[in-house]
Number of protein chains: 2
Amino acid sequence: MTDSTELHQPLRRDAARNRELIVAAARDLFAESGLDVPYDDIGRRAGVGVATVYRRFPQRDDLIVTLFDQRVADLAKRGDEALEMEDAWTGLRSFVEKVMTAQAGDRGFAQVLTRSALYGRRVETCAGQLHPRLAALVERAHQAGVIRPDIGTADFEMLMTMLISMVHPNTGLWRRYAAVFFDGITTDLVPRERLPADQPTEADLRQLVLRWAH
Amino acid sequence: MTDSTELHQPLRRDAARNRELIVAAARDLFAESGLDVPYDDIGRRAGVGVATVYRRFPQRDDLIVTLFDQRVADLAKRGDEALEMEDAWTGLRSFVEKVMTAQAGDRGFAQVLTRSALYGRRVETCAGQLHPRLAALVERAHQAGVIRPDIGTADFEMLMTMLISMVHPNTGLWRRYAAVFFDGITTDLVPRERLPADQPTEADLRQLVLRWAH
DNA sequence: TGAGAAGCGGAGAAGGTAGTCCACTTTAGG
DNA sequence: CCTAAAGTGGACTACCTTCTCCGCTTCTCA
């Protein structure tokens, strides 16, 4: 449906099956290790040769867009839902929460949203679907007077990018800093939050560094 | 003086000269490209063979500690000076400013401070010199009641680590988000800051992504 | 059922980095 | 000045990743 390949040439049945195996393998590997996993690894996990992976997805974009376009679209829908909420602040907060949670569970997805420029125009376009939703939510928050006027949409993107580096499957640490930064951008109309999660320990810090190391 | 090599074996004069060439080359390359530059590149820039670089600095730590120990010590001194300031808030703020500025101008230095765990115990020890100063500054800020009680030293380390990803030689963007964070961690005793620097543009965002890409 | 097209995968070339080896050069010091 | 020790650097091995080539297999459809 989102896949133009099928329109051009109906794949032979075995080839179609292999394609699905590749997509599934890439989904797992991207989630675990990010978008830069070697094609060899993808082929091995899928049980096909490298050449087959290259034949089906000559550019890494092809694979990335195939895998993540739907997920970004889902998030965009969450953005639309957030716009339906009565409270502008809650809506914005909820959208950020959704976007961050999605990234927290999938390293590849986090890279799609924060470093799309590295993977070509098509990936940028894909990730860009979220932009208008965020812009609308920020605009509405401004009109409600709940965020300081000098903070814009791009600032939110930056702040979320920063938060990503605090994401780790075992801790909710990123929520703690999300709370700090939300406290930093509100007006006095919004009461301060209590900080979620405990202060990080030495071990937390180490884990994070190792996780984000190449 | 900080260099134990000279105590063990006085290097032959030509070897000592080469050693300095290597250190100088590594200083430049680390600053430009981070701590992971190939040894081949260091040798080439220094005008010596790779083998010479390996002979003098068999472990990358050796090179890193040689280069950065003094710089960390200097920063630690800035921390002591910050503790001398009358105002607890100004002192803490000034120290963070100093640490961030040092990292902004040198990618390698930023890695030493934020990812020391990747480069071995000796680098960790080196970077750890800053910890007690930060702890003292934070403690004093708590006593003065200028930062919220649930924020600790480790939080500052995390916040600075996040800010690093916003550092770019051409923009003062990181100061903008430093201001947001500081607004998020103060008590009401401290008045809000006006945000420095403009909102980031699309181009700023791209530049940052490309800068931090491997 | 048997071409012919479509698909397959291992091998291998190309390009990059870590780290070592050893024949050669330079220095120190008697 | 001459020699022994110290130092040198390029070539080399090992390893990893990307991407292609081509002989072989599998499917499709008449």
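Below, read A as the first sequence line, B as the second, and so on, with proteins coming before strands; counting in each chain starts at 1. All of these numbers come straight from a predicted model, not from anything done at the bench.
- If you take CG of B/D14 and C1' of C/dT25, they are 10 Å apart, rounded to a whole angstrom.
- Between B/D74 and B/R71 there is no salt bridge, since no side-chain nitrogen of the basic residue lies less than 4.0 Å from a carboxylate oxygen of the acidic one.
- Looking at A/S33, its side chain never comes within 3.5 Å of a backbone N or O of A/F30 through a donor-acceptor pair.
- Taking atom CZ on A/R19 and atom P on C/dC8, their separation rounds to 12 Å, with Å as the unit.
- The shortest distance between side-chain heavy atoms of B/R45 and B/D28 falls below 4.5 Å.
- B/R60 forms no cation-pi arrangement with B/Y119, by the criterion of a distance under 6.0 Å to the ring centre and an angle within 45° of the ring axis.
- Atom CZ of A/R17 is separated from atom P of C/dC8 by 9 Å (rounded to the nearest Å).
- D/dT17 atom P lies 12 Å from atom CD1 of A/I42, rounded to whole Å.
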Under 4.0 Å protein heavy-atom contacts per nucleotide of nucleotides 18-24 of chain D, with B for base, S for backbone only and - for none:
BBBB---
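- Relative to the six-membered ring of B/W212, A/R115 misses at least one condition, a distance below 6.0 Å or an angle of at most 45° to the axis.
- Between the CZ atom of B/R12 and the C1' atom of D/dA6 there is a distance of 5 Å, rounded to whole Å.
- Counting only residues at least two apart or in different chains, side-chain hydrogen bond (donor to acceptor under 3.5 Å, both in side chains) contacts with residues 126-138 of chain B comprise B/D69-B/Q129, B/D80-B/R133, B/H131-B/E157.
- Taking 4.0 angstrom as the limit, A/N18 places none of its side-chain polar atoms (N or O) nearer than this to OP1 or OP2 of C/dG7.
- With C/dT26, C/dC8, D/dG9 as the candidates, the nucleotide lying closest to the side chain of B/T52 is D/dG9.
- Dashed line: the shortest gap from a side-chain N or O of B/R56 to OP1 or OP2 of D/dT8 is under 4.0 Å.
- Atoms CG (A/D41) and C1' (D/dC16) sit 11 Å apart, rounded to a whole Å.
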